[in-house]
**Q** 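The structure under discussion is supplied below as structure tokens; questions concerning it will follow.
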Amino acid sequence: MEYMVNTWWSPAPPRTRHCCLLAVTHRALIAVDALDELDAVITTALAGPVRPARILLRVLPAVQPHSRFGLTDGELAAALGRCVEAGAALRMEGFSFHLSGYALQPRADLAARLTELCRKARVRGLEASSVSIGGGLPVSYTDADSWHGFLAAQRPAHYHAGKSFGRGDFYPYHSPLSGASALAALLETRPMGGDGSLARSLADAGVKLLLEPGRALLDRAGATVFTVQGVKDRDGYQLLTVDGTSLSLSEQWFNSEYVPDPLLIPRGPVTPAGVFPASVGAATCLESDMLTWRKIAFRHQPRTGDLLLYPNTAGYQMDSNESPFHDLPLPPKVVIDHTDRPRPRWRLDRHFT
């Protein structure tokens, strides 16, 4: 397992001295985001017992020039000079970048450019053997017809309080290429101005491709469960209040909506089947704290004490923004394994809670 510390590992750059020391001591691969951060890593390595510090230089993408992350061309030139001067205290293992969205071509283009920078850095005596493309491998939650049908039909009347979402507000819940297939397609993409695929460019240069998949790595893993604490009637639908907040469904904090329907698990006798639309609110005093603005068409009447299970939430939905807001405890994490046995095993994961 390769450990990387990038700008998302800590709340925001610059990192604390303790974080820097911890990363260097444990030989983590650090994606350096700024010149002062590079100086801090070098100083830490020179003063400590562990050398060399392992780094990548994070590049500001030309297609996202207003990003607050990454080194400009001028800063990158200065950083390479400081890496050479640091000598044995530093091992500059290559470059990294992050791009918003999920398009393959700009990722292939920038990866190819950084591959050439690796060649040039080696001439100066640096290792420069890797390029990290960050994340951006999509997950496909549903089929194409269902997704495009949802986008075409959805309108404010489908949401509590007439909330409106544009097509671009949603994560692309269907993708023709996802996970490993998207990675394979990326490697087959021909970078602009190149003679062959990205895979060929990497192989010819002897450069290793690094990934930081989050959502794609955890596809179909994890579920978030809430207890219904209250049911309130509104005009043609109900409002459910659950024992949690939208901090446990991070999509809401990007002015979006987690679209996969939650599963209603009755805790008492099953009520007659039908269509029972309901939106889901949080146990806080904030009007905007909604887990689901959309009026979900439940097959049974939700009742106090029932459970709501949101599927496939390990990738960025849980954990990302959770806090003890309103003195609510952080949701405990339950690990279930040995699911191939008649009775799966479960335990509380206190290490990550």
Side-chain angles (χ1 to χ4, degrees), residues 8 10-12 141 150 154-166 168-171 173 214-215 218 221-268 276-298 300-335 348-353:
W8 301 107
S10 59
Y141 290 78
F150 167 80
Q154 66 98 22
R155 58 185 187 274
H158 294 160
Y159 301 90
H160 168 63
K163 179 80 170 177
S164 62
F165 294 98
D169 291 332
F170 296 107
Y171 178 87
Y173 284 92
R215 197 187 296 246
L218 295 171
T224 302
V225 183
F226 300 95
T227 301
V228 177
Q229 290 187 326
V231 180
K232 184 180 294 184
D233 290 325
R234 284 295 181 261
D235 185 15
Y237 68 104
Q238 293 184 314
L239 275 174
L240 311 182
T241 300
V242 298
D243 62 341
T245 75
S246 57
L247 291 166
S248 293
L249 287 179
S250 296
E251 217 68 52
Q252 306 294 8
W253 288 82
F254 298 98
N255 192 33
S256 187
E257 177 92 340
Y258 188 62
V259 172
D261 286 349
L263 174 67
L264 178 68
I265 304 175
R267 297 292 293 276
F276 302 92
S279 300
V280 184
T284 69
C285 64
L286 301 177
E287 287 280 8
S288 61
D289 198 357
M290 296 288 295
L291 285 82
T292 303
W293 291 90
R294 189 162 49 97
K295 300 168 186 176
I296 304 295
F298 292 108
H300 297 277
Q301 176 77 55
R303 295 173 299 187
T304 299
D306 289 348
L307 303 179
L308 280 185
L309 184 149
Y310 286 82
N312 206 355
T313 55
Y316 292 146
Q317 298 308 312
M318 60 174 68
D319 295 313
S320 178
N321 294 319
E322 287 178 342
S323 76
F325 180 59
H326 268 229
D327 286 333
L328 292 173
L330 290 178
K333 303 296 184 295
V334 179
V335 178
L348 288 177
D349 191 340
R350 304 185 188 281
H351 181 69
F352 292 106
T353 297

**Q** Quick one: ring-ring contact (aromatic ring centres under 6.0 Å, His included) partners of Y173, sequence neighbours excluded?
**A** Y141, W147, Y171

**Q** For V231, what residues pass the side-chain contact (heavy atoms from CB on, under 4.5 Å) criterion, not counting sequence neighbours?
**A** V228, Q238, L240, T304

**Q** Can you list everything that forms a side-chain contact (heavy atoms from CB on, under 4.5 Å) with S256? Sequence neighbours excluded, please.
**A** F170, E251

**Q** Can you name the salt bridge (Lys or Arg N to Asp or Glu O under 4.0 Å) partners of D261, sequence neighbours left out?
**A** R294

**Q** State which residue, out of N312, T224, T292, L291, fulfils the side chain to side chain contact (heavy atoms under 4.5 Å, CB included) condition with Y258.
**A** N312

**Q** Would you please name every residue forming a side-chain contact (heavy atoms from CB on, under 4.5 Å) with S246, sequence neighbours left out?
**A** Q252, W253, D289

**Q** Would you indicate whether the side-chain heavy atoms of Y237 and S279 approach each other to under 4.5 Å?
**A** yes

**Q** Test: salt bridge (charged side-chain N to carboxylate O under 4.0 Å, His left out). Region: residues 233-244. Which pairs qualify, not counting sequence neighbours?
**A** none

**Q** So K163 and N255, do their side chains get closer than 4.5 Å, heavy atoms only?
**A** yes

**Q** Please collect all salt bridge (charged side-chain N to carboxylate O under 4.0 Å, His left out) contacts where either partner lies in residues 301-314, sequence neighbours excluded, each pair once.
**A** none

**Q** Once ring-ring contact (aromatic ring centres under 6.0 Å, His included) is applied, do any residues pair with Y316, and if so which ones, sequence neighbours excluded?
**A** none

**Q** Among L263, V242, I296, which one satisfies side chain to side chain contact (heavy atoms under 4.5 Å, CB included) with L308?
**A** V242

**Q** Checking K295 side chain against A157 main chain: does a donor-acceptor pair fall under 3.5 Å?
**A** yes

**Q** List in chain and number order the residues that pass side-chain contact (heavy atoms from CB on, under 4.5 Å) with H158, two or more places apart in sequence or in another chain; answer none if no residue qualifies.
**A** Q154, R155

**Q** Taking only residues two or more places apart in sequence or in another chain, which ones pass ring-ring contact (aromatic ring centres under 6.0 Å, His included) with Y310?
**A** F226

**Q** Could you tell me the separation between the NZ atom of K333 and the CG atom of D349, rounded to the nearest 0.5 Å?
**A** 8.5 Å

**Q** Output all residues satisfying side chain to side chain donor-acceptor pair (under 3.5 Å) with S250, sequence neighbours left out; order by chain, then residue number.
**A** N321

**Q** Got a sec, which residues hit side chain to side chain donor-acceptor pair (under 3.5 Å) with S248, two or more places apart in sequence or on another chain?
**A** E322

**Q** Any side-chain to backbone donor/acceptor pair from T241 onto A282? Under 3.5 Å, distance only.
**A** no

**Q** Run L239 and H160 through side-chain contact (heavy atoms from CB on, under 4.5 Å) and show every step you take.
**A** CA-CA 8 Å; L239 275 174; H160 168 63; 3.7 Å; yes

